[in-house]
S.K.: 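To start, I am sharing the structure in question, which I have written as C-alpha cells.
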Number of protein chains: 2
Amino acid sequence: MVTMSEVAKAAGVSQAAVSYAYSRPSKVSSGQRARIFEVAEELGYHGPDAAGRSLRGGRVGAVGVMVMDSLGYAFSDPSNMQLLRGIAEEGELADVAVTLLPSPRPGPSDNKDPLGHRQASAGMRGLVDGVIIHNLPQGHAAVDAVIARGIPVVVVDSPKLRGVPYVGLDDRSAAASAAQHLLALGHRRIGILVDRLAPDGRSGVASPSRISHASDRVARARVQGYLQQLEASGIARSSVPVIEAGGFQLEDYAKASGQLLDDYDVTAILVASDVMALEAMSVATQRGLSIPAELSVVGFDDAPGAAEAGLTTVSQPMVEKGRIAAQLLLKAIATGELGSVLLPTEFIVRSSTARPQKRQSGSR
Amino acid sequence: MVTMSEVAKAAGVSQAAVSYAYSRPSKVSSGQRARIFEVAEELGYHGPDAAGRSLRGGRVGAVGVMVMDSLGYAFSDPSNMQLLRGIAEEGELADVAVTLLPSPRPGPSDNKDPLGHRQASAGMRGLVDGVIIHNLPQGHAAVDAVIARGIPVVVVDSPKLRGVPYVGLDDRSAAASAAQHLLALGHRRIGILVDRLAPDGRSGVASPSRISHASDRVARARVQGYLQQLEASGIARSSVPVIEAGGFQLEDYAKASGQLLDDYDVTAILVASDVMALEAMSVATQRGLSIPAELSVVGFDDAPGAAEAGLTTVSQPMVEKGRIAAQLLLKAIATGELGSVLLPTEFIVRSSTARPQKRQSGSR
DNA sequence: CTGAAAGCGCTTACAG
DNA sequence: CTGAAAGCGCTTACAG
C-alpha cells in the first residue's frame, strides 16, 4: 500500500505537506499541491487511508443505519427501502457511504458471544461518524450501546430518547383520523391488526396492558390512536379486537389476518402498516369477502403497492423522512447542533373502504 | 472514549493482555479474560476500536458493495435489492456490516474534484475489508481504483476481469433461449429493447457497432444472444430494431418502448430487463395493444412484479447470486482463495407471449 | 507557506 | 502464560 510518506519522499516534500495537500488545501501553495497530486497519481496513491485518518481524529466519511432485526429484513421491506433511499440521496451530497448495521436480535438471554461477553456490533466500533436508528424498540441493547459510545445519533420513528434528534410522525393523531374515516362511513364493528408490539415473540390477541406497555413505540401509538378515536365515538376499547402478528413476515401477517376474520364479526379493519394491510386484503379475498362491499380495509404508510391495490391509507413521506434524518445527522456531526422534525401525514381515501353493507350482526 | 490502556490499568494488566482477551483468547487465561471483560463492562469499553485495529493490520469487519451510478438507484431497483438481500443474509453469518459505496459517475470529463484531482470514494480508503462490484461498465474508473488498491474483490455480472472472482450468468445463452421461444411461437418481426449499452448518455436506435463495443457487459451479452438466435433462424441482424433507453429511469424505458412501437411493425419484443419489460407492457397497453394477442413481450431477470404481471422471462436467482458473491468474498478475505461461479437460469413461460395474430405486415 | 514531532488505539512479534 | 515495545498511516498544533 502506497502511503503519504512515500509520496512525500518522491515529491521531495514533508509527509505533512502531502496531508495538507489533501485535507487542508489552504496550507500549501497550489503549485506544490499540483506537484504532490502528480506524484501521487504516478505512484498509485489514492488519498488518505480511512483508518489512519479516523484514528487521528478525523472523519471516517460514512454514516451507519441501524435497522430492525436483520439486514435481510432491511432489504425486503419496501417502506424501509424508501427510507434508505432518502438517506442515500442526502448522503451523496456530502460524499458519505451508507453502512447498514445489523442490530443484534434481543432475546431473553441477551446477545452474548460464546464466552458470555456482550459483543459490540462492527459498526459501533468506529466504522461510522454517526448513526441513524430506524424503528427499534425501546430499551434495545443496541441502541443503548450506540448512545453510550457517544457518537452522533438520529432516531427515526422509535425509540424517542431525551436529547437525541428525532424524525417521526404524529402516529397517534394520524391513526385517529384513519379510525374516524371508518366511523364516518358508519362502521361500528371494527378490528385492529398490528405487526408487532414488542420483540418477545408473542402473537394473537393483544390485551390492553400489552398495548399500553408495548415497546415498539410506533405500533403502540397507532393502536392507541385507533382505540382512542373509537372510544370517543362510544365504542368500548374492550369490544375492539386487536390482533398482533408478532413478526414481520408475510406468514405472520396472514395468520393474524385470518384470526381476526375467523374469530370476530367485523365490517372493517384498521391495519397499522400497509404491507400487513395488503396481506389482510389478500387473506380476506381468499375467504370470499369482497372489498370494500363486505370488508373495508385501512392501512398506514402509503407504501409501494398501496396505490395500485386501491388501499385507503395514511400517507407518510418515507423518502423525505430518510432525507431529513440524514440532514440532521450530518448537521450533528459537523456542528454538534441537535434538531428534531415531525413530518406531516395525509389521509388518502382509495377504493378499499366503503359504507358497511346492511345486514344483521353475525350474518356470516 | 475508553481505550484498551485504561481498561488494562484498571484491571492491573498490560494493554496487550486486553488486546489478547478480545482477539486472541488462547493467549490469556480464562480467569484473566473474565476479569478483563468485567472491568471493561464497568468502564463502558465496547471492544477494540475499528480504526486502531484496522490500522494495525486487522480486519475492519465490513464489506463494501459498489453499485451503479448512485445509491438512490441502488435502493430503488428491485433486482438490485434482491442481490443486496442475498449479500446481507450471508454477511450476517460472518458478522459483517454492508457498506454501500456510491460509484462516481463516469463521464467525458471523468470524475475530478474542483482541483482536478481524481477523488477516491470513501469506501476505497480502508473502510472495508473487501468489495463486491455489481454490474459496472468495463473500464469504469472506480473499478480500476478498487483493483489498484489491492483489496479482495468479487465482481457480480460486470465487468469480467482476469484473476478476479466472478459471479454471473451465461447471459448470452439465456437470451438466445428467450429469442428461441418467440421464434417457436412463429414470430418473425421482433424488436429488442435494452436499458443501456454504455454510460455515455446515448439513446435510441443502437447500431451493430455500438452493440459489439458496448461496455455494459450484461446488456451486450443479452442483445447479442437475441440477435445470434434470430440470425440462426434466418432473420438478418440488420432487420432487427434494437432500441436503447440510455438510462435506468422509468421515463427512459417508456420513451424507448414508445419509439420501438411507433417506428417499427413488430409482433413481439425481447427486453433485456424485467423492469424495462414491465414498462414496455404498460406503454403498449396505453397504445391500445393487447398482450399477448397483438404483442408478445419477453423479459429478463424474473424481477419482483414479473410473476404478477404474467411476464414471460428468463429467471435468475438474484438472492442466491448475492449470497454466493458474499461467500466468495469472505473466502477471499479469509484465505486468499479465489473462485468464480456461473449460476443457472430458467426460462419461464407466462401469459405475455403467444402466437402472433394472422395479419398482413404493416396492418397497424 | 513549510517541516519535524507527537500521538490517535491497536496488534503482534519478541523476550521473559 | 504475560509484558514491554514497535509501528500501522495519518492530522495537527507548533516552531520556523
Side-chain angles (χ1 to χ4, degrees), chain A residues 1-37 39-40 43-62 120 122 124-129 149-151, chain B residues 1-37 39-40 43-62 120 122 124-129 149-151:
Chain A
M1 186 167 159
V2 187
T3 69
M4 270 188 181
S5 303
E6 298 172 48
V7 175
K9 201 150 104 183
V13 300
S14 75
Q15 178 256 317
V18 178
S19 174
Y20 285 136
Y22 282 95
S23 309
R24 281 287 158 90
S26 63
K27 304 271 275 178
V28 292
S29 66
S30 67
Q32 173 138 186
R33 187 159 187 246
R35 166 97 186 105
I36 288 169
F37 284 167
V39 172
L43 266 53
Y45 179 74
H46 303 292
D49 176 80
R53 154 177 281 180
S54 156
L55 187 52
R56 190 55 186 75
R59 296 279 143 68
V60 174
M124 295 173 204
R125 286 179 268 138
L127 243 38
V128 295
D129 298 320
R149 245 193 130 253
I151 59 175
Chain B
M1 185 167 160
V2 187
T3 69
M4 269 187 182
S5 303
E6 299 172 49
V7 175
K9 201 150 102 184
V13 300
S14 74
Q15 177 256 316
V18 178
S19 173
Y20 286 137
Y22 282 95
S23 310
R24 283 286 158 91
S26 63
K27 305 272 274 179
V28 293
S29 66
S30 66
Q32 174 139 185
R33 187 159 187 246
R35 165 98 187 105
I36 288 170
F37 284 167
V39 172
L43 265 53
Y45 179 75
H46 303 292
D49 176 81
R53 156 178 280 181
S54 155
L55 188 51
R56 192 53 187 75
R59 295 280 143 65
V60 175
M124 295 172 202
R125 287 179 267 140
L127 243 38
V128 295
D129 297 322
R149 245 192 129 253
I151 59 175

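Note that the coordinates shown come from a computational prediction; the quantities given were computed from them, not determined experimentally. Proteins get letters first, then strands, A, B, ... in listed order; numbering begins at 1 in each. These numbers come from the heavy atoms of this one structure, side chains and all, not from hydrogens, waters or symmetry mates.
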S.K.: Rounded to whole Å, how long is the line connecting atom CZ of A:Arg53 with atom C1' of D:dG9?
M.R.: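 Whole-Å distance recorded here is 11 Å.
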
S.K.: Just the rounded figure in Å: distance from P of D:dC8 to CD of A:Glu6.
M.R.: 10 Å

S.K.: Looking at every strand, decide which applies to B:Ser19 at a 4.0 Å heavy-atom threshold: base, sugar-phosphate, or nothing.
M.R.: base

S.K.: Using side-chain heavy atoms (C-beta onward) and a distance below 4.5 Å, is A:Arg33 in contact with A:Tyr22?
M.R.: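 The answer is no, as the side chains (C-beta and beyond) never meet within the 4.5 Å cut-off.
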
S.K.: Whole angstroms only, please: what is the CG-P distance between B:Asp129 and D:dC8?
M.R.: 20 Å

S.K.: Could you give me the stems involving DNA chain D, meaning stretches of three or more consecutive Watson-Crick or G-U wobble pairs whose two defining distances are both below 3.5 Å?
M.R.: C:1-3 with D:14-16, C:5-12 with D:5-12, C:14-16 with D:1-3

S.K.: Expressed in angstrom and rounded to an integer, what is the separation of A:Leu43 atom CG from D:dG9 atom P?
M.R.: 14 Å

S.K.: Toward the 5' end of DNA chain C, which comes first, A:Ser26 or B:Ser5, by nearest nucleotide?
M.R.: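 Its nearest nucleotide lies further toward 5', so the answer is A:Ser26.
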
S.K.: Where is the tightest heavy-atom contact between A:Val28 and A:Ala21, given as atom of each residue plus distance?
M.R.: CG2-CA, 3.9 Å

S.K.: What heavy-atom pair brings B:Leu43 and B:Glu6 nearest, and what distance separates the two atoms?
M.R.: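 For B:Leu43 versus B:Glu6, the nearest heavy atoms are CD2-O, 3.9 Å.
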
S.K.: Are any of A:Thr3's side-chain N or O atoms less than 4.0 Å away from OP1 or OP2 of D:dC8?
M.R.: no

S.K.: Using atom CD of B:Gln15 as one end and atom C1' of C:dC8 as the other, report the distance to the nearest whole Å.
M.R.: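 Interatomic distance, CD of B:Gln15 to C1' of C:dC8: 12 Å.
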
S.K.: Any idea which heavy atoms bring A:Ala11 and A:Val39 closest together, and the distance?
M.R.: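 Of all heavy-atom pairs spanning A:Ala11 and A:Val39, the closest is CB-CG2, 3.8 Å.
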
S.K.: Decide yes or no for A:Arg53 and A:Ser23: does some side-chain heavy atom of the first lie under 4.5 Å from some side-chain heavy atom of the second?
M.R.: yes

S.K.: With nearest nucleotides of DNA chain D determined for B:Ser14 and B:Gly52 from heavy-atom distances, which residue corresponds to the more 5′ nucleotide?
M.R.: B:Ser14

S.K.: Whole angstrom is fine here: how far is it from CD1 in B:Ile36 over to P in C:dC10?
M.R.: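 These atoms are roughly 13 Å apart.
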
S.K.: Could you pull out the closest heavy-atom pair between A:Ala10 and A:Arg35, with the gap in Å?
M.R.: O-NH2, 3.9 Å

S.K.: Using a cutoff of under 3.5 Å, can you pull out all pairs of nitrogen or oxygen atoms linking the protein to nucleotides 13-16 of chain D, with atom names and distances?
M.R.:
from	atom 1	to	atom 2	distance (Å)
D:dA13	N6	A:Tyr20	OH	2.8

S.K.: Counting the atoms with a prime plus P, OP1 and OP2 as sugar-phosphate, which does B:Gln32 contact under 4.0 Å by heavy atoms, base, sugar-phosphate, or nothing?
M.R.: sugar-phosphate

S.K.: Please tell me which of the listed nucleotides, C:dC1, D:dC10, D:dG3, lies nearest to the side chain of A:Arg56?
M.R.: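 Of all the options, the side chain of A:Arg56 is nearest to D:dC10.
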
S.K.: Nearest to the side chain of B:Ala17, heavy atoms from C-beta on, is which of C:dA5, C:dG9, D:dG3?
M.R.: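 Side chain of B:Ala17 sits closest to D:dG3.
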
S.K.: Which atoms form the tightest heavy-atom contact between A:Met4 and A:Ser19, and what is the distance?
M.R.: CE-CA, 3.3 Å

S.K.: Between B:Val7 and B:Ile36, is any pair of side-chain heavy atoms under 4.5 Å apart?
M.R.: yes

S.K.: What's the CG-C1' distance between A:Asp49 and C:dC8, to the nearest Å?
M.R.: 14 Å

S.K.: Output the rounded distance in Å from CZ (A:Arg35) to P (C:dT2).
M.R.: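 Rounded to whole Å, this separation is 13 Å.
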
S.K.: Any idea which heavy atoms bring B:Gly44 and B:Val2 closest together, and the distance?
M.R.: O-CG2, 3.9 Å

S.K.: CG/B:Leu55 to CG/A:Asp49 distance, rounded to the nearest 0.5 angstrom?
M.R.: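 One finds 7.0 Å between CG of B:Leu55 and CG of A:Asp49.
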
S.K.: So, is B:Tyr45 close to the C:dC10 phosphate, meaning a side-chain N or O under 4.0 Å from OP1 or OP2?
M.R.: yes

